[in-house]
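Worksheet: one structure, shown below.
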Amino acid sequence: MSYRPRIPSPDRRTVLRGSLAASAALTLPVAAAAAPAFALSGRPRAAWGVQVGDVTASSALVWVRSDRPARMIVETSATESFRRARTWHGPLVGSGTDFTGTTPLYGLPAGEQVHYRVTLADPDDPRRTGEPVYGTFRTAPARRRDGVRFLWSGDIAGQGWGINPDIGGYRVYDEMRRLDPDFFLCSGDNIYADGVIEPSVTLPDGRVWRNVTTEEKAKVAETLAEYRGNFRYNLLDDNLRKFNAQVPSIIQWDDHEVRNNWYPGQILDDVRYTEKNVDVLAARSMRAFREYFPVSTLHESSGDGRVHRVVRHGPLLDVFVLDMRSFRNANSPGRQPDDTTGILGAEQLEWLKRELSRSRAVWKVIAADMPLGLVVTDGATDFEAVAQGDPGAPLGRELQIAELLRFIKHRRITGTLWLTADVHYTSAQHYAPERAAFKDFAPFWEFVSGPLAAGGFPANALDSTFGPDRVFVRAPDRANVSPMESPQFFGEVDIDGDSGELTVRLRAQGGSVLFSKVLQPGRVGQ
């Protein structure tokens with residue numbers, strides 16, 4: 001079956017020594033944000049670091065960006081000395097992909113530390129190579145007893161809060177890296193293509209926030225070059241590049257990869273845009289997204305052009321990555337009594353039900369780019385997420401979620417929980433039928449955590465259709481609080497290999513655990 005969005009588609013837990021040191025030694029001045037120079041002299045450079053994505057028990061995707069046309073070569077080894085290294089010949093990178101390239105690795109050993117280095121070679125003279133860039137990751141375990149631990153969050157460089165050299169840039173990434181997770185789940189808003197980064201912003205207390213700036217961040221993104229520049233912007237941060245060299249990612253997208261609150265078919269009345277057709281903008285952003293992140297379903301070798309996918313991480317965990325953006329219907333008051341499109345689209349909903357029923361993992365994380373029971377508005381009358389503030393029976397997009405929750409209950413699918421970001425605070429909601437207007441579902445938890453590098457916002461109202469109880473929340477008391485005034489938030493999930501218990505911790509930048517919840521395996525509801 002072909003999945004196409006409704007838009008045009010043009011030992012790991014050891015201290016890294018040599019590999020991380022080599023990555024950390026990279027310096028990336030702001031001037032490097034410009035397009036690659038086609039100099040005939042010199043050797044190719046990979047100053048933007050490396051990334052690994054969608055790691056399974058036997059496979060992974062390695063990403064790099066060159067400063068000129070080059071051949072990508074990847075070597076992998078069980079040791080940092082690269083004895084008995086295996087060589088993978090990657091693509092020729094050039095202007096067609098903004099000099100980015102991704103190489104798939106297959107046949108890797110399960111549950112093992114993999115060290116890798118990426119070398120860029122001159123395509124006309126393979127002997128002329130740049131300095132290798134190093135990274136490491138751990139493949140998913142084959143044995144349940146090994147356990148799994150990962151982090152999640154989202155929302156990066158939002159509301160004008162970019163890379164601030166005065167506070168050390170995106171320091172939260174350094175804190176997350178030191179926790180040494182198996183992987184990081186980014187729940188969307190990897191960029192803010194609709195958000196301008198000014199050189200400085202004066203805070204309410206008179207302090208001045210300073211930003212690293214680039215040409216592409218001086219206006220809203222419309223062209224392919226501007227979207228590419230938005231994805232490059234975050235890689236100017238040294239903390240993020242070090243993080244990428246150590247922690248593999250599972251990436252999803254949401255609205256700010258294109259523009260705020262977009263939906264397929266939308267025609268803009270925003271005076272900042274000369275291109276008014278959101279489908280055109282979304283296609284350009286998707287091309288840049290595909291170029292800048294290693295996503296298995298978007299890779300040319302085996303992908304089918306979709307963001308939603310299952311990433312299987314051993315017997316304990318399957319991650320169901322949703323796309324609640326590309327297939328949705330238009331934002332509206334959300335009172336329709338019949339809605340087959342909803343927020344997922346009919347085809348993605350059937351895919352999700354099918355894959356959930358097939359999963360044999362102990363835990364099934366549903367990675368949503370938007371919350372379920374939190375009321376997220378779009379203007380005075382429309383709604384952006386699932387909930388629309390009506391506490392009664394499901395209407396609008398709620399109908400699709402009700403169908404999914406009913407399916408999970410009646411198929412007795414165990415171990416589901418929902419993770420998201422989006423709303424720029426952290427919270428834990430427990431959903432139960434005895435509190436709900438719609439009752440044909442099993443209890444479940446939804447955990448929210450973010451932002452990583454964006455403005456903080458007050459907590460959203462709850463919609464009681466599915467009976468949410470906000471067990472915990474930490475949020476600012478006013479809108480767009482800068483990262484200098486409020487900590488950034490991320491979540492941690494730790495699955496014990498012996499008991500199968502899953503522990504969720506909501507964390508604040510600075511090392512504190514704000515909330516913790518232990519869930520038991522093998523249950524339809526919690």
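Throughout, residue positions are numbered sequentially from 1 according to the sequence presented.
Aromatic ring centres of F82 and Y134: separated by under 6.0 Å.
Between R145 and D498 there is no salt bridge, since no side-chain nitrogen of the basic residue lies less than 4.0 Å from a carboxylate oxygen of the acidic one. Checked for salt-bridge contact, R171 and D174 miss the test: no charged N lies under 4.0 Å from a carboxylate O. Between D238 and K242 there is a salt bridge, since a side-chain N of the basic residue sits under 4.0 Å from a carboxylate O of the acidic one. With salt bridges taken as basic N to acidic carboxylate O contacts below 4.0 Å, none links R259 and D255. Under the 4.0 Å criterion applied to side-chain N and carboxylate O atoms, R309 and D323 are not assigned as salt-bridge partners. Contact check on R86 versus E75 returns no salt bridge, with no Lys/Arg side-chain nitrogen under 4.0 Å from an Asp/Glu carboxylate oxygen. At a threshold of 4.0 Å, the pair R284-E257 does not count as salt-bridged, since none of the basic side-chain nitrogens sits closer than that to a carboxylate oxygen.
By the 30° and 60° cut-offs, the orientation of the rings of F441 relative to F466 is perpendicular. Ring-plane geometry between F184 and Y173 is classed as perpendicular, the angle between the planes exceeding 60 degrees on a 0 to 90 degree scale with a lower cut at 30. Under the 30°/60° scheme for interplanar angles, the aromatic rings of F515 and W445 are found to be tilted. Using bins of under 30°, 30° to 60° and over 60° for the plane-to-plane angle, the ring pair H308/F327 lands in the perpendicular bin. Relative ring orientation between W63 and Y292 is described as tilted, the plane-to-plane angle lying within the 30° to 60° band.
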Quiz prompt | Steps toward side-chain contact (heavy atoms from CB on, under 4.5 Å) verdict (L417, I366) | solution = CA-CA 6 Å; L417 72 155; I366 302 176; over 6 Å; no
Quiz prompt | Chi angles and distances behind the side-chain contact (heavy atoms from CB on, under 4.5 Å) call for H256, N260 | solution = CA-CA 5 Å; H256 289 286; N260 189 42; 3.3 Å; yes
Quiz item: Do R325 and E384 pass the salt bridge (charged side-chain N to carboxylate O under 4.0 Å, His left out) test, and can you show the C-alpha distance, the side-chain angles, and the key distance before you say yes or no?
Solution: CA-CA 10 Å; R325 189 57 53 181; E384 158 71 351; 2.5 Å; yes
Self-check item: Evaluation steps, side chain to side chain donor-acceptor pair (under 3.5 Å), between T341 and N329
Solution: CA-CA 6 Å; T341 300; N329 50 19; 5.2 Å; no
Exercise. Step by step, work out the salt bridge (charged side-chain N to carboxylate O under 4.0 Å, His left out) result for R149 and E492.
Key: CA-CA 7 Å; R149 188 164 55 85; E492 179 182 29; 3.2 Å; yes
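Shown here are the ring-ring contact (aromatic ring centres under 6.0 Å, His included) partners of Y227, two or more places apart in sequence or in another chain: there are none. Here R412 pairs with V524 under the side chain to side chain contact (heavy atoms under 4.5 Å, CB included) rule; sequence neighbours left out. Partners of E175 under the side chain to side chain contact (heavy atoms under 4.5 Å, CB included) rule, at least two apart in sequence or in another chain, are F490, Q509. Here D369 pairs with nothing under the salt bridge (charged side-chain N to carboxylate O under 4.0 Å, His left out) rule; sequence neighbours left out. Listed by chain and residue number, A57, A142 satisfy the side chain to side chain contact (heavy atoms under 4.5 Å, CB included) test with A110 (two or more places apart in sequence, or in another chain). For K517, there are no salt bridge (charged side-chain N to carboxylate O under 4.0 Å, His left out) partners at least two apart in sequence or on another chain. Considering only residues two or more places apart in sequence or on other chains, E398 meets the salt bridge (charged side-chain N to carboxylate O under 4.0 Å, His left out) condition with none of them. Every ring-ring contact (aromatic ring centres under 6.0 Å, His included) that F231 has, sequence neighbours left out, goes to F293. Annotation: side chain to side chain contact (heavy atoms under 4.5 Å, CB included) contacts of V310 (sequence neighbours excluded): R312, D318, F320, W351, E355. Listed by chain and number, the residues in a salt bridge (charged side-chain N to carboxylate O under 4.0 Å, His left out) with E403 are K353 (sequence neighbours excluded). By the ring-ring contact (aromatic ring centres under 6.0 Å, His included) test, W161 is found to be paired with W209, residues two or more places apart in sequence or in another chain being considered.
Under the 3.5 Å distance criterion, the side-chain polar atoms of S357 are matched with a main-chain donor or acceptor of R354. In this structure a side-chain-to-backbone donor-acceptor pair under 3.5 Å is present from T100 to T97. At least one donor-acceptor pair closer than 3.5 Å links the side chain of R241 to the backbone N or O of L236. The closest donor-acceptor contact from the side chain of R328 to the backbone of P264 lies at 3.5 Å or more, if one exists at all. The backbone N or O of H430 sits less than 3.5 Å from a side-chain atom of R435, completing a donor-acceptor pair. Counting only distance, with no hydrogens or angles, the side chain of T426 and the backbone of L506 share no donor-acceptor pair below 3.5 Å. In this structure, the side chain of T76 does not engage the main chain of Y116 through any donor-acceptor pair within 3.5 Å. In this structure, N234 contributes its side chain and N190 its backbone to a donor-acceptor pair below 3.5 Å. A donor-acceptor contact shorter than 3.5 Å links the side chain of T136 to the backbone of V114. The backbone N or O of E112 lies less than 3.5 Å from a partner atom in the side chain of T139, making a donor-acceptor pair.
Taking OG1 of T465 as the start and CZ of F438 as the end, the distance is 10.5 Å to the nearest 0.5 Å. To the nearest 0.5 Å, the span separating CZ on R406 from CG on D440 amounts to 5.5 Å. Going from atom CE of M176 over to atom OG of S153 covers 6.5 Å, rounded to the nearest 0.5 Å. Interatomic distance, CG of N460 versus NE2 of H424, reported as 10.0 Å (0.5 Å rounding). How far CZ of R507 is from CG of L151: 8.0 Å, rounded to the nearest 0.5 Å. Atom-to-atom distance recorded for L185:CG and I251:CD1 is 8.0 Å, nearest 0.5 angstrom.
Considering only heavy atoms from C-beta on, H313 stays 4.5 Å or farther from V311 through its side chain. Side-chain atoms of E446 and L374, non-hydrogen and from C-beta on, do get closer than 4.5 Å to each other. Side chains of L317 and V362 form no contact here, defined as non-hydrogen atoms less than 4.5 Å apart. The side-chain heavy atoms of Q348 and R306, taken from C-beta on, include no pair separated by under 4.5 Å. Two residues are said to be in side-chain contact when any heavy atoms from C-beta on lie closer than 4.5 Å; P91 and T103 meet this criterion. Annotation: side chain of W253 is in contact with side chain of S326 (closest heavy-atom distance under 4.5 Å). A 4.5 Å side-chain heavy-atom check between I163 and Y233 finds at least one atom pair inside the cut-off. With a 4.5 Å cut-off on side-chain heavy atoms, V518 and L502 do not count as touching.
Applying the side chain to side chain donor-acceptor pair (under 3.5 Å) test to every pair with at least one member in residues 413-422, sequence neighbours left out, gives no pairs at all.
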